[in-house]
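FYI, the numbering just counts along the sequence from 1.
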Amino acid sequence: MLAASFVLVVEVLENLAYLANASNLVLYLLKFMHFSPSCSANIVTNFMGTAFLLALLGGFLADAFFTTYCLYLIGAAIEFMGLLILTVQACIPSLKPPACSLVNTKTPCQEVTGGKAALLFAGLYLVALGVGGIKGSLPPHGAEQFDETTPQGRKQRSSFFNYFVFSLSCGALIAVSFVVWIEDNKGWQWGFGISTATILTSIPIFLLGSPFYRTKTPSGSPITTLIKVLGASIYNCKSKRPRNAVMGMDMGSSNTTEINNGKECNTKQKGPSQTLTEDLRFLNRAVGNQTAHPILQCTVKQVEEVKIVVRIIPIFMSTIMLNCCLAQLSTFSVNQAATMNTMLGSLKVPPASLPIFPVIFMMILAPIYNHAIIPFARKITKTEMGITHLQRIGTGLVLSIIAMAVAALVEIKRKKVAAESGLVDSSEPLPITFLWVALQYLFLGSADLFTLAGMMEFYFTEAPLSMRSLATALSWASLAMGYYFSSVLVSIVNGITRTFQQPPWLFGSNLNHYHLERFYWLMCILSGLNFIHYLFWARRYKYRLITPESY
């Protein structure tokens, strides 16, 4: 736990550096780069989606070529360079488009173009590349510090994932409160500068834990195993080998090389049973056929590992819609709050600070879940997990359905107030408190807590040892797919509604003319259908047996 504590502290700083800008970026693009609301929303979702999708690349590199230790340092250095570019652009007026008034429609604002746009996107996507490396390496690096061959070690690892989400929330709390306030009141150059300094500070803190870390060395590309088994199954598809032939493949023992306190040690671990399982029988053709090309010769262990990966893919696909809902927290929800009264007494709250509500709730709920709910569930169910990973994920999916219904009702109320106040075409704040929008943040924040921690532990626990970094990165890839799907969904909705009416649901510079409530109802329906799809696969999933021989 001492080694993992360095990872948790670093995650606070890393998420602070990333989320401080991501949560408020839509307003920066709107006010200073002069993109439209829908274009700004799509840029943000594409940027965040790319960052999380690149976590797959980070996980792959950690498993195949680098250690999780080295990959974090590389990712942090790249993110630092990206943030430095954004800081320089924010500091120098000549690197931004001319200032203008968004209210004056006679002289439209000039959208950023050319070299200035290239500088903006270079900085953004260097940050995305660095974040991908960090997200793909840091969670599995922390999880590797525990002895998973004992119940106590597995319980501590489960606690680590809960507190990893807690650390995410701590970084987010500082980001969406202090740093966002700095950006809105002192200037974006200060906000980017704080993020740059924070990610730089995280590097020496991470290095301080070096004497305590235990790091799994790369064991070859997990993608090679996947392609090899799938290729052998197809190659042997026409084999006349008897269906019940004995698999006499030499399993041997799997050797895991670890570095503990700077010393390498080889630990022999027993492989799984040599008997092929009956599910996904098509893949069983990959072994036992001596006529196959030598490069396609597979062991039973390799086939069973690929089966594990194939079984978790439907669960992964079922979480994408939830993250599409979460994408709204950084886009349309911020725009909604920006049109409302953001005063709390005499304090003016930046719209991008709205995530402070789910963040605080997650920080309160995470320790309660770990120290009260889980022990109680273990006593009731008499099981080691108490609440299964899939039950946690399912709870998050249900909460996302409720959140979208609440969001639609709040938007109906907001537009009604705008109409009654005669402020539909005005830029003045509406006489309705932004705390109404906080309701959808609370439900989506709760959904994120249940689902993200559940996904990360599920993928790490179920995945083969050689693919754990890549599998854990599926948690972030799900976020990426959700953000991308949000952009695609906005484009599809605008394309379809444009053919039936003018203007489309989500088009223009005035949010009061949007039909955002219809969009939220659509997402509520899609989330409900997705939950049915999830239940179909979750009820049929069989957990990998947790025994010392499994590791």
Side-chain angles (χ1 to χ4, degrees), residues 45 48-56 58-59 132 135-136 139-140 143 158 161-162 164-165 168-169 308-330 358 362 366 369 385 387-404 407 440 443-463 467-489 522-544:
T45 53
M48 298 183 76
T50 301
F52 290 126
L53 187 63
L54 285 171
L56 284 177
K135 300 294 188 188
S158 181
F161 282 114
N162 288 329
F164 187 85
V165 175
L168 282 171
S169 302
I308 293 171
V309 175
V310 172
R311 282 197 296 265
I312 66 178
I313 288 177
I315 305 299
F316 161 74
M317 297 296 292
S318 300
T319 61
I320 293 175
M321 189 62 215
L322 164 68
N323 290 305
C324 181
C325 298
L326 287 172
Q328 310 316 310
L329 297 182
S330 303
M362 289 169 67
Y369 180 87
M385 286 189 290
I387 299 175
T388 68
H389 308 137
L390 295 180
Q391 288 170 346
R392 290 191 68 175
I393 296 172
T395 301
L397 296 181
V398 171
L399 289 171
S400 71
I401 299 172
I402 299 172
M404 287 297 97
Q440 62 214 52
F443 281 106
L444 284 175
S446 303
D448 194 20
L449 172 65
F450 278 96
T451 306
L452 182 57
M455 281 195 298
M456 293 176 69
E457 187 177 359
F458 172 71
Y459 295 140
F460 186 91
T461 304
E462 294 295 300
M467 304 181 187
R468 282 186 163 174
S469 296
L470 181 61
T472 307
L474 287 175
S475 306
W476 308 114
S478 176
L479 279 169
M481 296 297 184
Y483 280 107
Y484 282 134
F485 184 56
S486 176
S487 297
V488 171
L489 196 59
L522 174 63
M523 296 191 70
C524 181
I525 295 171
L526 292 177
S527 297
L529 295 175
N530 177 69
F531 180 67
I532 296 173
H533 170 252
Y534 173 79
L535 285 179
F536 176 82
W537 294 105
R539 289 174 62 86
R540 287 161 176 76
Y541 187 86
K542 295 180 180 179
Y543 287 96
R544 191 160 63 94

If you compare all heavy atoms of [X] against all heavy atoms of [Y], which two are closest, and at what distance to 0.1 Å?
X	Y	answer
Ala538	Leu390	O-CD1, 3.8 Å
Ala453	Arg392	CB-NH2, 3.4 Å
Ala471	Ala463	CB-CB, 3.3 Å
Tyr459	Phe316	OH-CA, 3.2 Å
Phe485	Cys324	CD2-SG, 3.6 Å
Gly136	Ala473	CA-CB, 4.5 Å

Would Met455 and Thr472 count as a side-chain contact (heavy atoms from CB on, under 4.5 Å) if you check the C-alpha gap in whole Å, the side-chain angles of each, and the deciding distance to 0.1 Å? CA-CA 8 Å; Met455 281 195 298; Thr472 307; over 6 Å; no
For Phe450, the ring-ring contact (aromatic ring centres under 6.0 Å, His included) test, sequence neighbours excluded, returns Tyr369
With sequence neighbours excluded, tell me which residues meet ring-ring contact (aromatic ring centres under 6.0 Å, His included) with Phe536. none
With a 4.5 Å limit on heavy-atom distance, are the side chains of [X] and [Y] in contact?
X	Y	value
Phe443	Ser400	no
Arg468	Thr461	no
Met362	Ser446	no
Leu535	Phe531	yes
Arg311	Glu462	no
Phe164	Pro139	yes
Tyr534	Met321	no
Tyr484	Thr50	yes

Counting distance only, does the side-chain N/O of [X] pair as donor-acceptor with the main-chain N or O of [Y] below 3.5 Å?
X	Y	result
Ser478	Leu474	no
Ser486	Gly482	no
Thr451	Asp448	no
Asn530	Ser318	yes
Trp537	Pro314	no

If you take the centroid of each ring, where Trp contributes its six-membered ring, are Tyr541 and Phe458 closer together than 6.0 Å? yes
side-chain contact (heavy atoms from CB on, under 4.5 Å) for Cys524 and Ile401? Distances and angles first, verdict last. CA-CA 5 Å; Cys524 181; Ile401 299 172; 4.0 Å; yes
Show the numbers, then the answer: is there a side-chain contact (heavy atoms from CB on, under 4.5 Å) between Met404 and Leu444? CA-CA 9 Å; Met404 287 297 97; Leu444 284 175; 3.9 Å; yes
